[in-house]
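Worksheet: one structure, shown below.
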Amino acid sequence: MTVIVEDSIKEASASSSSTARVVWRLIGQYGTIAMLGLLIVTMTALEPSVFATSDNLVNVLNQSAIPAMIALGLTFPLVTGDFDLSIGNTASLSGVVACTLMRDVDMSIWMAISAAIMVGLVIGLVNGVVVTVLNVNSLVATLGVGTMAIGVNYKIAGGQPVGLSDSESFLEISLGTLLGIPYPVYIMIGFTAVLWLLLNRTVLGQSMQAVGGNPVAARLSGVRVERVRLVSFVICGAFAALTGVLLASRTGSAAVSGGDGYLLSAFAAAFFGSAVLRDGQFHIIGTLVGVITVAIGFNAIALTGMATYWQYLFQGLLLVLGVGVGSLARRRTAAT
Amino acid sequence: MTVIVEDSIKEASASSSSTARVVWRLIGQYGTIAMLGLLIVTMTALEPSVFATSDNLVNVLNQSAIPAMIALGLTFPLVTGDFDLSIGNTASLSGVVACTLMRDVDMSIWMAISAAIMVGLVIGLVNGVVVTVLNVNSLVATLGVGTMAIGVNYKIAGGQPVGLSDSESFLEISLGTLLGIPYPVYIMIGFTAVLWLLLNRTVLGQSMQAVGGNPVAARLSGVRVERVRLVSFVICGAFAALTGVLLASRTGSAAVSGGDGYLLSAFAAAFFGSAVLRDGQFHIIGTLVGVITVAIGFNAIALTGMATYWQYLFQGLLLVLGVGVGSLARRRTAAT
Amino acid sequence: MSGTCSSEGAVTASRLEMTDISKRFGGLRAVDRVTISLRGGEVLALCGANGAGKSTLVRILAGVEHADSGQIALDGVPVVIDRPETAAHHGLSFVHQELNLVPKFTGLQNMAMGADRQSRLGLVATKRLRRLASEVQERLGYRIPLDVPVDRLSVSDRWMVSLGRCLMRSAKFVVLDEPTASFTDDEAEKLYKVIKELTDSGVGVLYISHRLEEVLEISDRVTVLRNGSVAGSYETAELTVSSLTKAIVGHEVEALAHRRGDASTGAPIRLSVRDLRRPPNVVGASFDLRRGEIVGVAGLVGSGRTELARLLIGADQAAGGEIILDGKPYAPRGPHDAIRAGVVLVPEERRSQALLLSESIERNLAVASHGSARHLMCRFRPRRSHRAAVDIVDELGIKTDGVTRPVLSLSGGNQQKVVVGNYLRTRPSVLVLDEPTVGVDVGSREEIYGIITGLAGAGASILVISSDFDELAVCDRVLVMRHGAIVAEVPSHRATKGHLTRLCFEAEQPAA
Amino acid sequence: GGGAETGAKASAGDSYSIGVVRFASSDPGSEGIVQSYLAAAKERGWETSSVDPQGAAGQAVGAISNFVQKQVDLIVVAVFPSDALAAGIKAAKSAGIPVVSIGGGTTDGVPVSLDFGRSNAKPLTEQMVKDTGGKGDLLVLGFTPGLPCVGREEELKAQLKETDIKVTRKEVPIPGQVEAGTEFAQAWLASHPKGSRPLAIWGCFDDPAIGAVSALRQTGRDDVLVYGINGTPAAVKAVKGGDMRATAYVDPATEGKRLADVTPDVIAAGTDAKERTLLPDVHAVTPANVDDFLKKFPGVLR
Ligand SMILES: Nc1ncnc2c1ncn2[C@@H]1O[C@H](COP(=O)(O)OP(=O)(O)OP(=O)(O)O)[C@@H](O)[C@H]1O
Ligand SMILES: Nc1ncnc2c1ncn2[C@@H]1O[C@H](COP(=O)(O)OP(=O)(O)OP(=O)(O)O)[C@@H](O)[C@H]1O
Ligand SMILES: [Mg+2]
Ligand SMILES: [Mg+2]
């Protein structure tokens, strides 16, 4: 019955305003991606011989891999409506733990990596427990837990970078290639696929989205809200730790605060991504697009030799416009 | 009628569970403050001759003044349900602007300060417009605008610290005292009072709280939601700028990233404060208590000479427990 | 409907018993030693005034709230229901009093939520869910939009989704807490049919409603709660509307009387709406509203009544047409302008559109008066505001133990009164009420209409949108809206349920 | 009064109370020196306490005020420019407490500073000029907000004056310095193919230089000389592995001891002593001397 009503009315008003609406809707849905396209086209025009090469594409993807891991992980708490400010510190700590274990205890690479990821799992678990059991707002909780992670980091490494004497096989993780493409690119693509499946094709993922959309409704429908939130923090912690390990494997040593810088960039990527194709909802593909957009932006800055301040203006503008245009367009769609 | 019901029930159930409830309620309401009290008592016991002196009290309040300004300003967007991640960058930029104007254009102190605060107002306005007109999530918007502010900062100062050759009268703002108490303490107290009045005794403040409670309902009740949110960003920007100026007058020069560190500490203070007396609502007195708690913690660390990693563990724990205990207790109160 | 399945001989019929259940909130006894029992194949109606404790009892059964004392037993075996999943596990399915949907999820996702624990590998069994959902659609005889995010659905479609979710699970007992509050009769009929099917297949139904005719029509037995305890249990056959009303309220209540619309016929026109449009929902609305007049708006779900009301206060911008208020053109750019001009809207969904849920009653009663303030820097006087709040609570009879309590702790009907009180504080000259009595008990409904008629008597002009056409009896005139246009105007004495329903459906030119 | 009192205490000689304001737990260069200074102080029986202001100048001023409250005999501040701690230094001075800076420069109230900038860049930049023969293209990865980096770039500028080296300068952000090094190097390499002119990359600290090394490995280039400063484990390893041409190392133990050695004098001399700058021992580490270097400082890779 409703359907019939809607149809007949739609026909009646299929006038000029509907063209406008279609345009706005397209902008709303694809505006963010269009911005990325514009960036690529401009750069190709400006620096055809350097930018638009397959080498540079691989390079950009390779640069995206590490920030992608942490941002993809962050997407999970964001989906359930939580924040995680501890990811940068977790990444730093896990790198330090991995390198310390390899250096001081002579642990094998894979054992050390597992241990480092375990650290991430534990931090995620602590975050989750503080948030769901102590009922602390996730911003404060993760800020506090992150601060404690700095303390542990300091206790372990004493504020000094942890270098490996024999790091070749560890470096191989970042530097090795298969068919000319570095391993990190495969790692990124693989985990993106896994996480996409997790969020979109499993009950757990649906429950996460439900919790983010309306926790009360989710709870009343039998979703174990606390458990779902906890799991999202654990996933996030694990991926932050993975980021730390990959980061350490790039230089063969772990800097005490090596991962800290990824905090804001991960948020930027995830938020940028939330405007990709969807209306303010966090999702895996969006986050990946966000990470790659940021990487391409940085690549563009490096290639064109802009002054430092342009770099910041440009990044800020990218974020505001990338999200804003889509958002404005969607509002317009609703209005016309 | 209701009253009678209540009384009869109170009598009937004035048993063990009601004592438990009273205790939980007290912890819920005063738990955070009790933690602060515990800290003070412990420190007084440990370092009676240094900590519990009026000199040290003044010292702690003086140190609280700068972080208090930025955290109080941040409270406004938080009340309306928005975030502002640009405050640190705004503080840095306003300090650089003030010092540059004084050094290069020979502007008078008060003119330069006004100009710097104008910078904060403009950034707040831009934040507000991006959030309300472009309809961008406030986290992204302010992250983007803040990044642009870094760009402007670099453009002005080229990344170099801006020192003042003749800074005596400018330093006087931070160093001057009246009745033995430094000016910043008066500034802090004065602005706290003003902002308290603004939030609790004006229509604007009440509207902000309504917007934070339910923006749809507020809008249908005639509250001009967009305007109110915009104003809250502007206030926040102005106070971030004031922080930058005070910081510059305390350090005698402005660094390109001098104010950045206040971002997370302001969030920590405001969130800590949201657990003071009330349940998760941001309010002026709470934020002030949060700032002072952090300052006392820092003071305690300096006086007792804890190892650095303890500093981090302690700060993190303070945050998690301070908020968590109250929150847990309130949940308990509701349950019993 | 008689409980054919619940005959003594049916050995398999299951039995749900709640014994001596008590629950306190602070000092308030929401549920006090309540005992009810429900058998498979019968409909037990739970009646009671707002705040009587019906929903609390339901929430205890659902594992959302924990009883202070008492027992729940299924087929004589005591069970502990500490979480919603446990309730689902025991074969209990619920439609709670408030809409609980995930806005960005589609209808199907909402219906699937929490229902698919058994799928392998943790993967979502989309195909199976879709099949189940279409079965539910068939049973309801209503096409629930499955693939549209529910935040784009009308309120009543959302309720259909909610109902669909409840029916998706194979349950032994179904609990419906005011499922028809937002339904028109047509949709309600569909629900009755489903309830019949359910009971025929041996499912027990616990049914809560303030619509007493409906209760009498579909239930087998009625339990009445008053102030948290059982005031009486009855066989439906032995009840009438007036005896049930008396059981609920404790005293006689007169039925809503048709108003004699002569008082205001000569009064000056206050609001004149000419060809107002905002396609696709409103395509041409024209009507006049006089001083002191109460005008009803009838229509089917999705006929555009809510949209029209939003246009009147500028919550949405009209695409064409004009509005004249007191002889002057009136084009509000937003609710602020409207409130300042004296036009207010009491929105239809109180939780999402009208209340600051976690704030105090006092603050909720002050929002609109802040919204109508001239300057943002005007002074706010807390004591005065407190006194005003206390006055409104008294005046409207809001049942609470203090204005500083969170509005969340009020029962649905009392929350609705808070919403009305909030707007009344601005002393509006034109009051638009969108479904003002959703979930309001007979007594309170009487009171709310008493307030409305009182306001009209004091000169306010009132527009009442309602899907409960019986209520529209209080109006001087009733407008009928169909497909976004006002198609008929009916004087009070002819505004019977049957006539209005016919006008809502009729495709031909009606007699205006 | 305070000044006289401290003076009296100082002359007593043995036991001092010292407050240390670190820079940030994330700054290994200064952390190393601070730690060895604290160790040396402990050895001599002095009472120390330290705080970490997490890189924030306002916090550092607060920390100095806290130490003034504690009436310590000496305050050591790491990395913060002494000019940018005005209120703190003033408070210390009026309480008669001298301040020693690690890398922040001397000023009124800060009579002694350990140089952390220009001197560190000297031997390595000389090496670079020698290696390139005074001509070619150079990518400079600088960081203007950091005082040490500014000094190092001054040294670089001074040495480049007489040469035919063409400079491309990039500002690296912190955090994100390693990745920025990689990105900038990659872009620069793309426009500077293998050719006749010598190519070099000079980082004002090791992290961006290590990032550049990573870029070289990714693109398979071996014609570019990379220079860094600080001697982090990763950099020394890169030198050892031949990926990096040189880094400059300052031994924290030596410098910490150097500071501890001057401490009694500084306390005795008080706040008005003549300003002086301590110069560190800087070791240029190159593939040629790396093995000897590691024998001498085995802790570097540990
Ligand atoms: N979470 C809560 N905290 C405090 N009081 C509550 C809470 N929930 C319900 N109450 C109180 O318990 C009483 C019973 O509420 P309940 O919602 O069960 O009433 P109801 O019979 O369903 O009313 P209505 O018909 O209006 O829905 C009310 O007085 C209400 O104020
Ligand atoms: N936010 C929205 N987005 C898209 N369509 C909507 C939205 N809100 C309502 N609609 C559709 O607009 C039509 C008119 O809705 P409106 O709410 O005005 O009608 P109504 O007569 O008040 O009905 P109801 O009783 O459901 O409130 C309906 O078909 C509804 O599905
Ligand atoms: Mg109810
Ligand atoms: Mg409606």
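Labels below follow one simple rule: chain letters A, B, ... track the order of the sequence lines, proteins then strands, and each chain is numbered from 1. Below, all heavy atoms of this structure are taken into account, side chains as well, without hydrogens, waters or symmetry copies.
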With rounding to the nearest 0.5 angstrom, report the CG to CD distance, A:Leu220 to C:Glu85.
10.5 Å
When rounded to the nearest 0.5 angstrom, what distance separates OG1 in C:Thr126 from CD in A:Gln206?
8.0 Å
If I take atom CG from residue C:Asp151 and atom CG from residue A:Asn214, how far apart are they, to the nearest 0.5 angstrom?
11.5 Å
C:His89, NE2 atom: more than 12 neighbouring heavy atoms under 6.0 Å:
no
Given heavy-atom pairs under 4.5 angstrom as the criterion, report whether the side chain, backbone, both or neither of C:Gln317 touches chain A.
neither
Part of C:Arg59 within contact of chain A (heavy atom distance under 4.5 Å)
neither
Separation between CZ of A:Arg219 and CE of C:Met113, rounded to the nearest 0.5 Å
13.0 Å
Nearest heavy-atom pair of A:Gly213 and C:Pro103: which atoms, and what distance?
O-CD, 3.5 Å
